[in-house]
Protein chains: 2
Amino acid sequence: MPTRAAGSDSGIQPGSALSIGDLANAAETKPVTIRYYERMGLLPVPPRTSSNYRAYSEVHLHRLRFIRRCRDLGFTLDQVEDLLQLSSDEHRDCTEVDRLAAAHLQAVEIKIADLTRLAEQLRQISRSCRGRRTIANCRIIEALSPL
Amino acid sequence: MPTRAAGSDSGIQPGSALSIGDLANAAETKPVTIRYYERMGLLPVPPRTSSNYRAYSEVHLHRLRFIRRCRDLGFTLDQVEDLLQLSSDEHRDCTEVDRLAAAHLQAVEIKIADLTRLAEQLRQISRSCRGRRTIANCRIIEALSPL
DNA sequence: CTTGACCCTATAGTTACTATAGGGTCTAGG
DNA sequence: CCTAGACCCTATAGTAACTATAGGGTCAAG
């Protein structure tokens, strides 16, 4: 926190809290994103220092890393919220988690298929444009133009 | 326009202008999207009827279809604007069009690669969750949690 | 005349951040 | 002690490409 030891690049002192910058670095994200997650309700509001700085604990770091991991895997914030909820209920059956992950995987696979088709169309369009031409007889422009 | 012939599903009358709804249907988009494109400067402002309705010509339809085709292929509106500009200059060399299309294809291919890696990660994570378990020992939650 | 489909403008919302503005706090170094 | 730079804070607007909502006007068939 507002007591950075020389040579310490994380700013974490034994037993002391994390500043938002430290938390951001530890979770490989940015302070502005953390504030956003707090506003969205994904991260609990942390205690403050006397100078009104946020003071985070390892619990926050753990939770933020979970959120970032989910985001990196493409889950929406709504889905992340669901996963957080599910993960906090230890006695709960985990088929819901299973279902969420499977649905998301399917959505990603569909997106891949869409993009693959799109790429093929683009290749076809580009393939028809060879050498130096003018716009007047540009095959790409032609392909983009309606009948 | 405000004179729909019975049985005519497009509302287009010989020699008459198109309403925004007719234009939207003909280009397989929505009136609200067309107004948006007009605001963004992609579509020229059309003349109006005495009742302040927009009155579109076939030229507008042609241009809108071009825009939609580009959008369907994933070009950003900025890129579409560039392509429109390029396409209107008939004597221009078309290497710029070529370059735009190639850059876009590459971006799509990169996105496919990203998503493919992501899908594989999701498969690995899901694969580790078999049968009915509780959250306490859910392998998916475990995989989402930091060390 | 009524009603439902369509038109109009203005503005805010969606998603997940991100930029900007304006001001306070901390600390190392001179 | 002062300064400067790095960091903190809140509030708000912006990004991309639409889309929803609110409130009001026009058209035409029944």
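It should be emphasised that the depicted structure is a prediction, and the values quoted were computed from it without experimental measurement. Chain letters run A, B, ... following the sequence lines, proteins first, then strands; residues in each count from 1.
Tested against Leu118(A), the residues Asp114(A), Thr116(A), Leu122(A) include a single side chain to side chain contact (heavy atoms under 4.5 Å, CB included) partner, Leu122(A).
Regarding Leu73(B), its CG atom lies at a distance of 16 Å from the C1' atom of dA17(D), rounded to whole Å. Atom CG of Leu18(A) and atom C1' of dC8(D) are 15 Å apart (whole Å). Rounded to whole angstrom, the span from the CD atom of Glu38(A) across to the P atom of dC9(D) amounts to 9 Å. Across the protein-nucleic acid pair, Asp22(A) atom CG and dC8(D) atom P stand 7 Å apart, rounded to whole Å. Rounded to whole angstrom, the span from the CD1 atom of Ile34(A) across to the C1' atom of dC8(D) amounts to 13 Å.
Checked against ring-ring contact (aromatic ring centres under 6.0 Å, His included), Phe75(A) has the following partners two or more places apart in sequence or in another chain: His104(A). Residues passing the salt bridge (Lys or Arg N to Asp or Glu O under 4.0 Å) test with Glu81(A), sequence neighbours excluded: none.
Which of dC7(C), dT25(C), dC8(D) sits closest to the side chain of Arg35(B) comes down to dC7(C).
Residue Ser51(A) places at least one side-chain N or O under 4.0 Å from the OP1 or OP2 atom of dC26(C). The shortest distance between the side-chain N/O atoms of Arg48(B) and the OP1/OP2 oxygens of dG25(D) is not below 4.0 Å. Using a 4.0 Å cut-off, some side-chain N or O of Ser19(B) falls inside it from OP1 or OP2 of dC7(C).
Counting heavy atoms from C-beta outward, Tyr36(A) and Thr29(A) have side chains that stay 4.5 Å or more apart. Between Asp98(A) and Cys94(A), every side-chain heavy-atom pair lies at or beyond the 4.5 Å cut-off. For the pair Ile34(B)/Glu38(B), no side-chain contact is recorded, criterion being any heavy-atom separation below 4.5 Å from C-beta on. The side-chain heavy atoms of Leu73(B) and Leu144(A), taken from C-beta on, include a pair separated by under 4.5 Å. Using a 4.5 Å heavy-atom threshold, the side chains of Arg71(A) and Tyr37(A) count as touching. Using a 4.5 Å heavy-atom threshold, the side chains of Arg69(B) and Phe66(B) count as separate. Between Arg123(B) and Glu120(B) the shortest side-chain heavy-atom distance falls below 4.5 Å.
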**OP:** State the dot-bracket string of DNA chain C. Criteria: Watson-Crick or G-U wobble, both atom distances under 3.5 angstrom; notation: ( ) intrastrand, [ ] crossing earlier pairs, | interstrand, . unpaired.
**Re:** ||||||||||||||||||||||||||||||

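A heavy atom closer than 4.0 Å to some atom of DNA chain D occurs in no member of residues 106-120 of chain A.
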Result block: side-chain N/O donor-acceptor pairs under 3.5 angstrom for residues 84-91 of chain A, not counting sequence neighbours:
from, atom 1, to, atom 2, distance (Å)
Ser87(A), OG, Leu83(A), O, 3.3
Ser87(A), OG, Leu84(A), O, 2.9
Ser88(A), OG, Gln85(A), O, 2.8

Subject >> Per-nucleotide protein contact string for nucleotides 14-24 of chain C, where B marks a base within reach and S marks sugar-phosphate only (heavy atoms under 4.0 Å, - for neither) >> reply: --BBB-----B

